[in-house]
Amino acid sequence: MKLTFYGHACFAIETNGKKLLFDPFITGNELAKDVDINKIAADYILVSHGHGDHVADLVSIAKRTGAQVIAAFEIVEWVQKQGVTNAHPMNFGPYNFDFGKLHFLPAWHSSVMPDGVYGGNPGGFLVHGAEKKFYYSGDTCLMMDMQLIPRYAKLDFAILPVGGNFTMDADDAVIAADFIKCDKIIGIHFDTFGYIKIDHQAAKDKFKAAGKELILPEIGQTITL
Ligand code: NI
Ligand code: MN
């Protein structure tokens with residue numbers, strides 16, 4: 001299974017022959033200026049919450065690719081008003097898609113669309129893929145609800161924010177990795193803005209000390225998991 005990182009909290013994962021794109025934010029991310037947004041393919045676009053650093057390119061990529069948008073009911077209403085026709089509204093709970101079962105799960109954060117419209121509750125995704133099972137927490141602080149994840153699935157890897165300030169930092173993410181019983185973490189939501197610049201080596205060392213691995217992907221990099 002391959003994961004391609006497009007910067008900040010935007011990444012794509014291919015599972016069961018389907019391309020899943022998460023939280024498209026490339027335009028406006030100075031660090032991702034070399035990413036060609038028109039080359040990004042998607043069958044599904046999964047949106048954790050409505051903040052601009054997660055939805056800036058949502059409508060344009062959804063329209064170009066025809067990918068199905070999977071998001072909170074309120075976010076789906078918002079994209080539909082902008083002419084996106086292929087969208088699947090959810091609230092917290094499971095649903096069986098053709099790429100596998102998906103749990104939309106709570107996150108402790110906020111969610112408002114860039115134009116001020118309410119975005120529903122912020123969330124994260126647990127993907128029960130045919131090849132691998134993985135969890136993307138979305139923007140969140142450390143929370144006890146993460147302890148439910150091992151009841152649902154034995155994770156192969158997880159994608160967690162590590163930048164702090166708006167989300168968990170590396171110390172919190174180490175505890176989160178314990179909660180979800182996962183030793184391979186891909187760190188995201190770091191370095192994009194001044195508030196979330198991190199020391200990469202220090203963050204990796206914290207995971208190593210806990211017997212875990214933290215991967216901090218380069219923008220544009222594809223990693224095999
Ligand atoms: Ni956010
Ligand atoms: Mn964010």
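Read the numbers this way: they start at 1 and go in the same order the structure lists the ligands and their atoms. Everything numeric in this text was worked out from a predicted model, so none of it was measured.
The Mn ion (ligand 2) sits nearest to atom OD2 when only the N, O or S atoms of D139 are considered. For D139, the N, O or S atom closest to the Ni ion (ligand 1) goes by the atom name OD2. In terms of distance to the Ni ion (ligand 1), the nearest N, O or S atom of H51 is named ND1.
At least one N/O/S atom of D53, whether from backbone or side chain, sits less than 2.8 Å from the Mn ion (ligand 2). Among the backbone and side-chain atoms of H54, an N/O/S atom is found under 2.8 Å from the Mn ion (ligand 2). At a threshold of 2.8 Å, the Mn ion (ligand 2) has a backbone or side-chain N, O or S atom of H189 nearer than that distance. For residue D53, no N/O/S atom approaches the Ni ion (ligand 1) to within less than 2.8 Å. Taking 2.8 Å as the criterion, H49 counts as a coordinating residue of the Ni ion (ligand 1), since one of its N, O or S atoms falls below it.
Under the 3.5 Å distance criterion, with hydrogens and angles disregarded, no donor-acceptor pair is assigned to the side chains of N121 and H109. In this model, a donor atom of one side chain and an acceptor atom of the other lie less than 3.5 Å apart for D23 and S48. Between the side chains of N29 and H8, not a single donor N or O lies within less than 3.5 Å of an accepting N or O.
D98 has a carboxylate O that lies under 4.0 Å from a charged side-chain N of K18, or vice versa, which qualifies the two as a salt bridge.
Expressed to the nearest 0.5 Å, how far CG of N16 lies from CD of E14 amounts to 10.0 Å.
Using cut-offs of 30° and 60° for the angle between ring planes, the H189 and H54 rings count as parallel.
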